[in-house]
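Here the structure is laid out as structure tokens; the discussion comes afterwards.
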2 protein chains.
Amino acid sequence: MSENSRPHVRTRRDHRTETAEDYVEAVLQVINERGVCRVVDLAKRFAVSHVTVTKTVSRLKTGGYLARELYGPIELTRKGRRMAEASMERHRIVYEFLVALGITSSTAEVDAEGMEHHVSEETLAKFKEFVAARGGK
Amino acid sequence: MSENSRPHVRTRRDHRTETAEDYVEAVLQVINERGVCRVVDLAKRFAVSHVTVTKTVSRLKTGGYLARELYGPIELTRKGRRMAEASMERHRIVYEFLVALGITSSTAEVDAEGMEHHVSEETLAKFKEFVAARGGK
DNA sequence: CACAAAGTGTAGCCTTGGCTACAATTTGTA
DNA sequence: TACAAATTGTAGCCAAGGCTACACTTTGTG
Ligand SMILES: [Mn+2]
Ligand SMILES: [Mn+2]
Ligand SMILES: [Mn+2]
Ligand SMILES: [Mn+2]
């Protein structure tokens, strides 16, 4: 409760987990799309240099989310996969909510990428409800 | 268009303007509430140290958003006031949208603080529409 | 006025997440 | 098998935004 319920404090906390969430999610998607996930794949997806990806992957390896050996592909640990699945689900709900609201799919894609990290459980539940109710429109 | 329409690129751009938006908004509110805005007021509001506030205020002064002399109160420039008013308006709409959706006001406050920076013009317009339509419920 | 309390400044440290430049490795191909 | 291309690593730089510790100013109070 306490410190977590102060707006800016919660927002800063959201931002601290954002990179991990986006990375594990991307790794899972790339693996599903191409079999393995390499540094370049993430660099393209995030539009950052391969150096940034390498460094971030190292941090996430230390954090126990990713596994990787030198020059090898990027893999998800159990912990990472759990987070990836939860993130994808949440991301999907936010996206579908925006679409159900009448937002263009391309705008919904972009907005959802940032919004997803700031949606509480309570709000996510309402989003899901809304999609179920007026799903097609 | 182009680079701005790539999800992660847009999200990173949102984050670069986030601090400025939150600060000018807070300065305007504190001035309206207590007449003047001091470093301590912002430190309490954001729940960070006074040092962090001082440094950030300096940056925003350099950026032309805030005005301030040594040991003096924090003031808004024209540019800062413009941004503050736009940010407050957008923040308000996001908050009211969540409430109209059925979210608890305390949750809406917290979620809105992060979400506001990632809402496009298109989405903001839909939010406004939604509030107008089913405002009271 | 004098002193205490509150507010502010400054130095210096840290992590995250960006980058370029260049070196090394791996992979594809003639 | 050689060589070229692609990929990855490493060094070193930067800005934003956090912090503590300590010094200095300003403000309030007896
Ligand atoms: Mn995201
Ligand atoms: Mn954000
Ligand atoms: Mn705000
Ligand atoms: Mn905010």
Side-chain angles (χ1 to χ4, degrees), chain A residues 3-4 6-27 30 34-75 113-114 117, chain B residues 3-4 6-27 30 34-75 113-114 117:
Chain A
E3 274 309 14
N4 187 358
R6 305 204 42 194
H8 295 286
V9 173
R10 229 282 306 278
T11 301
R12 287 195 299 269
R13 209 206 47 190
D14 294 340
H15 286 158
R16 286 197 304 271
T17 51
E18 173 158 356
T19 303
E21 291 169 350
D22 284 342
Y23 268 67
V24 295
E25 197 185 336
V27 170
V30 170
R34 333 170 52 93
V36 291
C37 179
R38 314 236 46 149
V39 168
V40 267
D41 298 317
L42 298 183
K44 277 171 199 153
R45 172 154 316 215
F46 294 130
V48 297
S49 73
H50 81 273
V51 184
T52 297
V53 172
T54 299
K55 218 199 289 187
T56 304
V57 167
S58 295
R59 257 203 318 273
L60 296 180
K61 184 178 166 184
T62 299
Y65 297 99
L66 299 178
R68 176 162 191 249
E69 46 202 29
L70 263 197
Y71 293 97
I74 300 162
E75 280 157 0
E113 193 61 69
H117 309 280
Chain B
E3 273 309 13
N4 187 358
R6 304 206 41 196
H8 295 284
V9 173
R10 229 283 307 278
T11 300
R12 287 197 298 268
R13 209 206 47 189
D14 294 341
H15 286 157
R16 285 198 304 273
T17 52
E18 174 158 356
T19 303
E21 291 169 349
D22 284 341
Y23 268 67
V24 295
E25 197 185 336
V27 170
V30 171
R34 335 169 51 93
V36 290
C37 179
R38 313 236 46 149
V39 168
V40 268
D41 298 316
L42 298 183
K44 277 170 200 153
R45 173 155 314 218
F46 294 132
V48 297
S49 73
H50 80 275
V51 184
T52 298
V53 172
T54 299
K55 219 200 286 186
T56 304
V57 167
S58 295
R59 257 202 318 273
L60 297 180
K61 184 177 166 185
T62 299
Y65 297 99
L66 299 177
R68 177 164 191 248
E69 45 203 30
L70 261 197
Y71 293 98
I74 300 162
E75 281 157 358
E113 194 60 69
H117 309 280

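Proteins come first, then strands; the chains are lettered A, B, ... in the order of their sequence lines, and each starts at number 1. Remember, it's a predicted structure, so these values are computed and weren't measured experimentally.
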(request) Report the distance from atom CZ of B:F46 to atom P of D:dC19, rounded to the nearest whole Å. (result)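 Going from B:F46 (CZ) to D:dC19 (P), I get 12 Å.
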(message) Measure CZ/B:R68 against C1'/D:dT26 and give the value in whole Å, please.
(response)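 Interatomic distance, CZ of B:R68 to C1' of D:dT26: 13 Å.
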(request) Identify, with sequence neighbours excluded, every residue that meets side-chain contact (heavy atoms from CB on, under 4.5 Å) alongside A:T56. (result)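 Result, side-chain contact (heavy atoms from CB on, under 4.5 Å) vs A:T56: A:T19, A:Y23, A:T52, A:R59, A:L60.
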(request) With sequence neighbours excluded, give me every salt bridge (Lys or Arg N to Asp or Glu O under 4.0 Å) pair touching residues 38-51 of chain A. (result)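 Qualifying pairs: A:E33-A:R45, A:R34-A:D41.
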(request) Specify the residues of residues 36-44 of chain B, ordered by number, for which at least one heavy atom lies under 4.0 angstrom from an atom of DNA chain C. (result)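 Within residues 36-44 of chain B, the residues near DNA chain C are B:R38, B:V39, B:V40.
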(request) Kindly write out the residues that satisfy salt bridge (Lys or Arg N to Asp or Glu O under 4.0 Å) with B:E18, not counting sequence neighbours, or none if the list is empty. (result)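 Checked B:E18 against salt bridge (Lys or Arg N to Asp or Glu O under 4.0 Å); zero matches.
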(message) Any heavy-atom pair between the side chains of B:V39 and B:R68 that's under 4.5 Å?
(response)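 Yes, at least one pair of side-chain atoms sits under 4.5 Å.
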(message) So, using ring pair (Phe, Tyr, Trp, His ring centres under 6.0 Å) as the criterion, who are the partners of A:H8 when residues are at least two apart?
(response)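 Expected list: B:F46.
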(message) Please encode protein proximity along nucleotides 14-23 of chain C as a string of B, S and -, counting only heavy-atom distances under 4.0 Å.
(response) --SBBBBB--
(message) Could you measure the distance from the CD atom of A:E75 to the NZ atom of A:K61? Nearest 0.5 Å is fine.
(response)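 The NZ atom of A:K61 is 10.5 Å from CD of A:E75, to the nearest 0.5 Å.
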(request) Enter the distance from B:E21:CD to B:H117:NE2 here, rounded to the nearest 0.5 Å. (result)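 Between atom CD of B:E21 and atom NE2 of B:H117 there are 6.0 Å.
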(request) May I ask you to verify if any side-chain N or O of B:T54 is less than 4.0 angstrom from the OP1 or OP2 atom of C:dT8? (result)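 Checking B:T54 against C:dT8: no side-chain N or O falls below 4.0 Å of OP1 or OP2.
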(message) Checking A:R12 against B:V48 for the side chain to side chain contact (heavy atoms under 4.5 Å, CB included) test, could you report, in this order, the C-alpha distance in whole Å, the side-chain angles of both residues, the deciding distance, and whether it holds?
(response) CA-CA 11 Å; A:R12 287 195 299 269; B:V48 297; 3.5 Å; yes
